[in-house]
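Notes for the one structure printed next.
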Amino acid sequence: QVQLVESGGGSVQAGGSLRLSCAASGATYSRYCMAWSRQAPGKERERVASFYTLGGDTGYADSVKGRFTIFQDNAKNMVYLQMNSLKPEDTAMYYCAAAGVVSSEYCPSLISAFAYWGQGTQVTVTS
């Protein structure tokens with residue numbers, strides 16, 4: 001079992017930056033696909049960024065490429081999402097998700113297949 005707790009959300013003007021944090025606990029932090037996902041009201045949940053904790057398989061949604069960066073601090077069991085050049089359309093509830101797999105090739109292609117989720121943190125970008 002993995003517990004995930006997000007933090008760092010808030011309200012920011014367009015063009016600004018935020019860093020979201022995800023604290024993982026409850027299991028040895030290794031061999032996980034980690035992802036950030038978001039869901040805006042009336043829209044489907046979107047996979048924003050993901051990677052494999054032992055390296056590789058880092059990917060981003062086209063809508064955030066070049067603006068968002070996902071990274072980890074293994075020593076602290078933390079995953080971060082650095083968000084720059086924020087746009088109003090980035091407004092959503094952001095969730096941290098995890099899936100335990102033996103290698104990166106088994107990282108779920110569907111965000112809905114991730115087994116563990118945090119409670120979410122709200123990001124609001126004003127124009």
Side-chain angles (χ1 to χ4, degrees):
Q1 288 286 344
V2 176
Q3 290 79 48
L4 304 172
V5 178
E6 303 96 333
S7 62
S11 182
V12 64
Q13 287 190 329
S17 298
L18 281 175
R19 178 177 291 183
L20 304 184
S21 300
C22 173
S25 63
T28 302
Y29 181 69
S30 65
R31 299 184 183 274
Y32 281 94
C33 295
M34 301 298 299
W36 284 97
S37 176
R38 67 186 181 187
Q39 188 166 22
K43 294 188 178 181
E44 292 187 356
R45 188 165 292 193
E46 177 187 18
R47 182 180 188 154
V48 173
S50 60
F51 73 99
Y52 185 57
T53 54
L54 295 185
D57 204 40
T58 302
Y60 297 91
D62 288 342
S63 58
V64 307
K65 280 182 181 177
R67 300 188 298 122
F68 290 12
T69 303
I70 187 172
F71 62 100
Q72 63 179 331
D73 182 335
N74 282 342
K76 297 181 179 178
N77 284 7
M78 297 288 295
V79 178
Y80 302 95
L81 184 69
Q82 178 66 42
M83 306 186 296
N84 299 327
S85 301
L86 283 162
K87 304 176 181 180
E89 51 263 44
D90 294 319
T91 295
M93 184 70 79
Y94 283 72
Y95 298 91
C96 180
V101 295
V102 296
S103 66
S104 61
E105 64 184 293
Y106 296 105
C107 283
S109 57
L110 297 177
I111 192 64
S112 59
F114 280 70
Y116 306 103
W117 291 83
Q119 82 289 348
T121 185
Q122 178 67 37
V123 172
T124 301
V125 184
T126 59
S127 57

Using 4.0 Å as the upper bound for N to carboxylate O, is an ion pair formed by D90 and K87?
no
For the pair F68 and Y94, name the ring-plane relationship: parallel under 30°, tilted 30 to 60°, perpendicular over 60°.
tilted
Minimal heavy-atom distance between S11 and T126, with the atoms involved, is OG-CG2, 4.1 Å
Exercise: identify the closest heavy-atom pair between S85 and S17
N-OG, 4.3 Å
When rounded to the nearest 0.5 angstrom, what distance separates [atom1] in [X] from [atom2] in [Y]?
| X | Y | atom1 | atom2 | result |
| --- | --- | --- | --- | --- |
| L54 | Y32 | CG | OH | 11.5 Å |
| T91 | Q122 | OG1 | CD | 7.5 Å |
| L81 | F71 | CG | CZ | 8.5 Å |
| M93 | S37 | CE | OG | 12.0 Å |
| Q13 | L86 | CD | CG | 11.5 Å |

With side chains defined as the heavy atoms from C-beta onward, is the minimum distance between Y60 and I70 less than 4.5 Å?
yes
Quick check: do T121 and S7 have side-chain heavy atoms less than 4.5 Å from each other?
no
Check for a donor-acceptor pair, side chain of [X] on one end and backbone N or O of [Y] on the other, with a separation under 3.5 Å.
| X | Y | result |
| --- | --- | --- |
| R31 | V102 | yes |
| Q119 | V5 | no |
| Q1 | G26 | no |
| Q39 | A92 | no |
| Y95 | E6 | no |

Could you walk me through whether W36 and C96 pass the side chain to side chain contact (heavy atoms under 4.5 Å, CB included) test, one step at a time?
CA-CA 5 Å; W36 284 97; C96 180; 4.1 Å; yes
Please test E44 against E46 for side chain to side chain contact (heavy atoms under 4.5 Å, CB included), starting from the C-alpha separation and ending with a verdict.
CA-CA 6 Å; E44 292 187 356; E46 177 187 18; over 6 Å; no
Scan V125, L20, V48, T69 and name whichever one has a side chain to side chain contact (heavy atoms under 4.5 Å, CB included) with M83.
L20
Report yes or no: do E89 and S63 form a side-chain donor-acceptor pair below 3.5 Å?
no
Side-chain donor/acceptor pairs under 3.5 Å, residues 106-115, sequence neighbours excluded:
none

